[in-house]
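Written out below as structure tokens is the structure these notes cover.
Quick caveat: nothing in here was measured; it's all calculated off a predicted structure. Order of the sequence lines fixes the chain letters, A, B, ..., with proteins taken first and strands second; residue numbering starts at 1 for each chain.
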Amino acid sequence: MNRLRFLIVILSLPLYSIAQTISGNVRDIEGTALRGVTVGMSGRHNETMTDSLGYYRIVVDDLKGQLYFTAADMERMVISIAGRTQLDVYMRAKVNNLDEVRVIGYGTTTQRNSVGSVARISAEEIANQPVSNPLLALQGRVAGLSVSATSGLPGATVKIQLRGQNTMNPNLAQNDPFDTPLFIIDGVPFAPQNSNINQFLSAVSPNSADNPYGGISPFNNIPPESIESIEVLRDADATAIYGSRGGNGVILITTKKGLPGKTRVGANVRSGFSFVGPTMPMMNTQEYLEMRREVYINDGIDPTLSPSSSAFAADLLVFDSAAYTDWKRYFLGNTANNTNINTTISGGSASTRFMIASNYSNETFIYPGNFNSSRIGFQGNVNHKSADDRFSVNVSSFFTSNNNNVPGSPDIIDAHKRMPNYPNPINQNGDLVWEFNGLPFNAILNNPVAYLRHLYQLGSTTLNSHAEINLRPHKNLIFKTALGYNLTIIDEYKGLPEEAQNPSNFRRRSATFGRGESNGWIVEPQFHYSSKFGKLQLSALIGASIQSNNSSSIAINASEYTSDALIKSISAAAETTASDNYNQYRYSAVFGRLNAIWDGKYILNGNIRRDGSSRFGPGQRFGNFGSVAAGWIFTEERWTNERIPTLSFGKLRASWGVTGSDATSPYQYISRWSLTGFPYNGTVGYQPANLFNPDLGWASTQKLEVGLELGFLRDRIMLTSAWFQNLTGNQLISYDLPSQTGFNNIAMNLNAVVQNSGWEFTLNAGLIRKELFSWTSNFNLSIPNNRLMAFDGLESSAYATRYVIGQPLSIVHGFEYEGVDKETGFFNFKNVNGEKTQQPVLPQGGIMNDFVPISTPDPILYGGVGNTFSFKGLALNVFFEFRKQNGRNYLAQVYSSVVGRQYNLPKTFVDRWRKPGDESNFQRVTTQGGSSTTASSFVRSSGVYSDASYIRLKNVSLSYNLPSHFYQKLFMDNVSVSCSAQNLLTFDNYLGNDPETQSFYAVPPLKTITFSLQMSF
Amino acid sequence: MNVIKIFTIFCLGLMFALQSCESFIDISVPRNEITSEDLFSDSTNADAALIGLYVGLAQGTTDVLTGGGMTLLTGLVSDELVPLNTSIIYEEFYFNDISRDNHVNSTSWRAAYSLIYSANACIEGLEASQGISESARNTLLAEARYLRSFVYFYLLQVYGNVPLVISTDYRLNKLLPQTPSDVIYEQIIQDLEFAQSHFPKARNNPNRANYYTATALLAKVQLFVGNYASAVEESSKVIESDMFNLEPHPKDVFVANSSETIWSILPLTTFSQTSEGLTFIPASPTTLPRYVLNEDLLYSFEANDARRTSWVMETTVNGETYTYPNKYRVGYVTEDSGRENYVVIRLAELFLIRAEAKMSSEQMNDLKGAIDDLNVIRKRAGLTELSSTLTHNSVRELIQKERRVELAFEWGNRWMDLQRWGIISEVLQHSKPQWNPSRIWFPIPQNELDINPNLK
């Protein structure tokens, strides 16, 4: 040991004793030389400054230390010398929020000069959050953007909607309306309608009443760590340049790019765990069996062992009345692990920059067994600029491969409603048990562990490439061509081994193999012109876009396997049948923009776009869209500075425009027949594929917005308030039809207008900015309002008992709940005459009967509050998300099964009605089911809607930048450690497990705690 | 100047791009699809549209009327089947308390109209087609109209009266109210008569509709609407055609290619069984049957009736004996299980139709003819022949009994018979304590009522 230390001293002696000179050039990232930058050595007192060419020379006594570079308008940089004597440095301009670059459609702007409504989420805000889906990182962060998880399971889809529901529900079932924002990643449209990428069902995509929206998200292939910024474009000014597809807003995702300068290597390792946390407990065996015995007394019947009878009672007659398993704990009580590693190498010179990055992540499931969702990705980009600045090119690309290994049966979701005295589902050999004391299990007694043995795998691979070639024939002109290509391949497998099947059915081993491919390209030539004429700053854009997307999917059903071990292979199946699906989408547009700024005070912006879409028939394909917007920076007027000196920035802006939507399935304008998957008598046939509508055309949204942006105390406090109104007409929907027409719906335009209006407020404040301590705070609040303004022929339409003019689209009609009758013990409702009844009448023939409006589950207000405190190297980030809303409570799902049959109930049901005179919220337990029961009226009543507001501690993260002396000798630039927690606490009055997913059985958003280590060299 | 030049070139380029836009976004239909226009442009393609209808029929499960639902669902609501080991949703059928949101009921409604749409689309496509020869077109039209009437006939039997949809125009069809059943019967008879007169008499393919299937169904419909003379005439056309023979023993009636079969639907794949076989046959000797026979039905079989042993199977589970329908023997197709087709109509039923029509027709009052036809069926079942001197009433009772046994759990004949004989309440309140005479039809599903305000 001593000898080693001696050796180090000897080796480092010359460095300590001999003075060394380091020199180099300091430039900004665009390559412009920076003059007057202070250069110094950390921990020493020698400093110098760059000259007019950005050149510096500094004498140091140690080539192992660090150099710092500071300048008034640049961000401070610290670089390890690492033995070098030549150090060129590229510094980033220090910007306040006002002048930070914001990406907009076909260009960039700043908040100062923007007359549109654009919000930006930076890489730092995303990095704090240990989430694997980038959409989840937006929760509560952007005014006007509503983001909700469909399930806490890894890979699950995230619902997203900007500024309310623009489109009526495509049908009366609970399907999502087609009004998801347009996603563009590095200029390439991605994941239209945020549609699920899976073809088959699994625990993540149950497609059941317990979780109707679930699915596997296309965004699993976008690692959050690869994102530099996410811009959310909201109003007409920002979205009209996307014409027909901007109607529902636009979300631009920009991936990280290389920075010039020293080659930097960064690594981030994160690891942690997730759990469900406390949810509503279920009854134990004693409480459950007491309830079950009461059922038979209530109904005056005897328990039987006839499995088809509603009086079937295996739990009372056969199962051990002393056995107890907490199935919720069994299935959901585990801890899931996650690991995330990513590395980056970036660097380059003023003319050429590059970055390459890789990422890996793995998350396990809370279900018992080996389930996981993992991702591996690579990302790279190169920018090159010619010396004379007349030519530049930048190319970026990422490749991600994602693999999900999920429990295959959706039924796993409500497995924990098994009776608490259900016998051990697994025997000593690990095999599933299908009978107990001679009683074979039927569907009601199905072994819940079998659901975990249904196999499901989904692998998806995404390649997204983008290139931009810029030619500058004249100093004011840029001819730019943007090219993009996107390829997504999905491989899916679902297997049903014999061991997972009940032997009292015919057990048929089967498997389904699915493959989906979607590839698209986009070419967008553009002409940018900008010039200054005196006080007038003028810029113009004219361009065109052509785009093509082909997608296809294949599903192969394979069966007649001879063993469970073979069911992952197609060739081992004695029988296979296949089906396929193809669709093509083509799109073309020409667009233009004119922007004029007079004297830095008055801003005028206009957009125009003409679009053609292959989704519509001849004659309906083209549509014109556009916007005008104006802004006035009144703090540039002399009088404001004099009268309101605390006001450092003030802008009034307004925009109006028309955007549209072509969000409908392809080929709906033509009558098609598709091949039958099977031959009959040796011949393959055709079956009608659709009802067609040759008049199908664009939906259009008129958007109006007025905004006021204020900066106080030299822009330390920035407040943005906006009022908007969107009117979506010519509703493009899938209209519900009675089955007698042969189909359940038809794509059509409906002469109805939906209005979304509201207020949005965003506040960013640097409350304390001291050398050692700082406190910044941000806040956003949205107050939305949704209304159906007009609907021609509503009374005679399929929506007659669904929508009301003047009311939100989310309005729910149902019976008015009047509590449990003390004498009979059944639910009471109020009928149309105001009398109590247990037999309320459903709507029929367009007449509401006893139905009244009972809820509007849209949020009343929502937003987020974040605070960041930093002290020396320590930073604490606390972010709350909040939402005030009404929603469906747990009773809706509990009463969808017959409360009293062989299902366990939440422990709250201990307080049910038991005898005349009892006051309770839960009616008498019974085996009686069907549509004429009070329970079936109850699930359509105000009793299943209640407050679902919440405040959630979405994220808290604590990070610590280690002092440089800890790692200097390892030639590192920066080392930090951090700990983050997601969804740690929720404050709510919600009746049920989770007010966000509002499902009693679906897995709620998990609580995740992670620890991470970041290093850069 | 340079700027203007570049700008002009770019704008010209854009103009050119705009011109080519129109054709750029003109896409063709996916490669596994075809437009209506192309489909009916020649007879091979048009034939594929008809094939699609058969695939639709063959895809039906026991939740679909024409896929086994007539047997299962009406077997439960009438006095044939009792649920034992199945989902509780079928209990609603057994208790004659089918709720409007019973999803089995809504599936059966939806599936029927989906088939009707396909038939209507074929009929419209064929009628508008230019590229098919007159005779080929008429044969295909006959087939489509036959299939349409076939679906309507069964739809009518469970819902009482239904909207009569005979076009593909959704704007018109979406608001159609129910049509009185006699109007629908008129349409059915028109379709069948058209089919009968345009099908060639040669029977090329026993698994597709042909002259004999149309004639057999016409005989059945005529019996149901009370045109007994026509029923006798039509059933004789089939019986006397010498195309079909009764199998000597009941056990061979439902095997593939039985000589008794007038029309059967083929399974879709080599490993598919009939939906009835899959539903009724227990998976293993220790599995309870899903449905067992109603005791009344069991007692209807006379002693020594060969049909009792051929078509009803017994199984003993945990010491208890259960009986279940076993006209189809294959519950699960394996390499060596053999194959079965789903028999829609067979010769024996035509004898029973003719017997009943002969007995019921006041003009004919051909009791002897009726007894002869009945004896053909009884003889095959190994029963004694009836004497030719029976009274009108006892012949009627014997026909009722014979129909009950010969056509037991087969295409809902029992349910339809109880309805048309007007004895449904009388019989069912006797055998089913929970029978409610106000519920003699399946309810129209709630989601249909929600969307079409003209339905009741």
Segment of Ile281(B) engaging chain A (4.5 angstrom heavy-atom cut-off): both
Residue Asn205(B) versus chain A: region with a heavy atom under 4.5 Å: side chain
Counting only non-hydrogen atoms closer than 4.5 Å, does Leu57(B) touch chain A with its backbone (N, CA, C, O), its side chain (CB onward), both, or neither? neither
Quick check on Asn690(A) against chain B: is it the side chain, the backbone, both or neither that has a heavy atom closer than 4.5 Å? backbone
Checking heavy atoms, do the side chain of Tyr587(A), its backbone, both or neither come under 4.5 Å from chain B? backbone
Looking at Gly331(B), Ser114(B), Ala112(B), which one has more heavy-atom pairs under 4.5 Å with chain A than the rest? Gly331(B)
Among Asn173(B), Thr35(B), Leu266(B), the residue with the most heavy-atom pairs under 4.5 Å to chain A is Leu266(B)
What part of Leu39(B) gets closer than 4.5 Å to chain A, counting heavy atoms only: side chain, backbone, both or neither? side chain
Measure Glu37(B) against the heavy atoms of chain A and call it side chain, backbone, both or neither at under 4.5 Å. neither
Proximal component of Ser613(A), with respect to chain B [non-hydrogen, under 4.5 Å]: backbone
Chain B interface, residue from Ala574(A), Gly438(A), Pro738(A) that has the most non-hydrogen pairs under 4.5 Å: Pro738(A)
Is Arg586(A) salt-bridged to Asp26(B), going by a charged N under 4.0 Å from an acidic O? no
I'd like to verify something: which residue of Ser310(A), Ser306(A), Ala443(A) has the highest number of heavy-atom pairs under 4.5 Å with chain B? Ser310(A)
Considering only heavy atoms, which portion of Asn318(B) lies under 4.5 Å from any heavy atom of chain A: side chain, backbone, both, or neither? side chain
Is the shortest side-chain N to carboxylate O distance from Asp101(B) to Arg940(A) below 4.0 Å? yes
Is the distance between the ring centroids of Tyr667(A) and Phe692(A) under 6.0 Å? no
Could you look at Pro679(A) and say if it's the side chain, the backbone, both or neither that has a heavy atom under 4.5 Å from chain B? both
Under 4.5 Å from any heavy atom of chain A, what part of Ile265(B) do you find: side chain, backbone, both or neither? both
Closest heavy-atom contact between Ile444(A) and Pro307(A)? CD1-O, 4.3 Å
Taking Asp736(A) first and then Lys174(B), would you say they form a salt bridge - that is, a charged N and a carboxylate O separated by under 4.0 Å? no
Specify which of Ser87(B), Ser28(B), Ala111(B), Ala58(B) makes the most heavy-atom pairs with chain A at under 4.5 Å. Ser28(B)
Given 3.5 Å as the limit, does a donor-acceptor pair link the side chain of Asn849(A) with the main chain of Leu842(A), or not? yes
4.5 Å side-chain heavy-atom contact, Arg508(A) and Tyr332(B): yes
Can you tell me if Asp580(A) uses its side chain to pair, donor with acceptor, with the backbone of Ile554(A) under 3.5 Å? no
Given the ring of Tyr561(A), does Arg509(A) sit roughly above its face, with NZ or CZ under 6.0 Å from the centre of the six-membered ring and within 45° of the axis? no
Whatever's closer than 4.5 Å to a heavy atom in chain A on Glu320(B) counts as neither
Interface residue of largest heavy-atom contact number with chain B, from Glu435(A), Arg621(A), Gln584(A), under 4.5 Å: Arg621(A)
Which bit of Ala800(A) is near chain B, if near means a heavy-atom gap under 4.5 Å: side chain, backbone, both or neither? neither
Residue pair Glu524(A) / Ser545(A): nearest heavy atoms and the distance that separates them: OE2-OG, 2.9 Å
Report the distance from atom CD of Glu575(A) to atom CZ of Phe271(B), rounding to the nearest 0.5 Å. 6.0 Å
If you count heavy-atom pairs under 4.5 Å between each of Ser674(A), Ser548(A), Gly677(A) and chain B, which one has the most? Ser674(A)
Quick one: are the ring centres of Phe743(A) and Tyr117(B) less than 6.0 Å apart? yes
For the residue pair Asn85(B) and Tyr291(B), establish whether any side-chain heavy-atom pair is separated by less than 4.5 Å. no
Who wins among Val165(B), Thr269(B), Leu449(B) for the most heavy-atom pairs under 4.5 Å with chain A? Thr269(B)
Pair Tyr342(B) and Trp263(B), ring centroids less than 6.0 Å apart: no
Top residue by heavy-atom pair count (under 4.5 Å) with chain B, among Thr683(A), Asn681(A), Asn442(A)? Asn681(A)
Between Val898(A) and chain B, which part of the residue has a heavy atom less than 4.5 Å away: side chain, backbone, both or neither? neither
Taking the six-membered ring of Tyr669(A) as reference, does the cationic atom of Arg615(A) (NZ for Lys, CZ for Arg) lie under 6.0 Å from its centre and within 45° of its axis? no
Heavy-atom distance under 4.5 Å to chain A: side chain of Phe40(B), backbone, both or neither? side chain
Ser106(B) versus chain A, heavy atoms under 4.5 Å apart: side chain, backbone, both or neither? neither
Closest approach of Asn341(B) to Ser264(B) (non-hydrogen atoms, all atoms of both residues): CB-OG, 3.6 Å
Heavy-atom distance under 4.5 Å to chain B: side chain of Gln547(A), backbone, both or neither? backbone
Engaged part of Pro503(A) at the chain B interface, taking heavy atoms whose separation is under 4.5 Å: backbone
Apply side chain to side chain contact (heavy atoms under 4.5 Å, CB included) to the pair Asn207(B) and Tyr54(B), showing each step before the final yes or no. CA-CA 9 Å; Asn207(B) 304 308; Tyr54(B) 291 99; over 6 Å; no
Can you tell me which portion of Thr676(A) sits under 4.5 Å from chain B's heavy atoms? Options are side chain, backbone, both or neither. side chain
What part of Val55(B) gets within 4.5 angstrom of chain A, counting heavy atoms only: side chain, backbone, both, or neither? both
Which portion of Leu176(B) sits near chain A, non-hydrogen atoms under 4.5 angstrom: both
Check whether Pro282(B) gets within reach of chain A through its side chain, its backbone, both or neither, counting any heavy atom under 4.5 Å. backbone
Below 4.5 Å, heavy-atom pairs only: which of Trp673(A), Phe678(A), Tyr686(A) has the largest tally toward chain B? Trp673(A)
Can you tell which part of Glu560(A) gets under 4.5 Å to a heavy atom of chain B, answering side chain, backbone, both or neither? side chain
Relative to chain B, which segment of Leu675(A) carries a heavy atom at a distance below 4.5 Å: side chain, backbone, both, or neither? both
Which atoms of Leu455(B) come close to chain A, meaning under 4.5 Å heavy atom to heavy atom: side chain ones, backbone ones, both, or neither? both
Test log, rule side chain to side chain contact (heavy atoms under 4.5 Å, CB included), inputs Ile670(A) and Val29(B): CA-CA 9 Å; Ile670(A) 187 164; Val29(B) 295; 4.3 Å; yes
Looking only at heavy atoms, the pair that brings Leu53(B) and Ser118(B) closest together is CD2-CB, 3.7 Å
Within-4.5 Å side-chain heavy-atom neighbours: Tyr585(A) and Ile27(B): no
At a 4.5 Å cut-off on heavy atoms, which part of Leu737(A) comes close to chain B: side chain, backbone, both, or neither? both
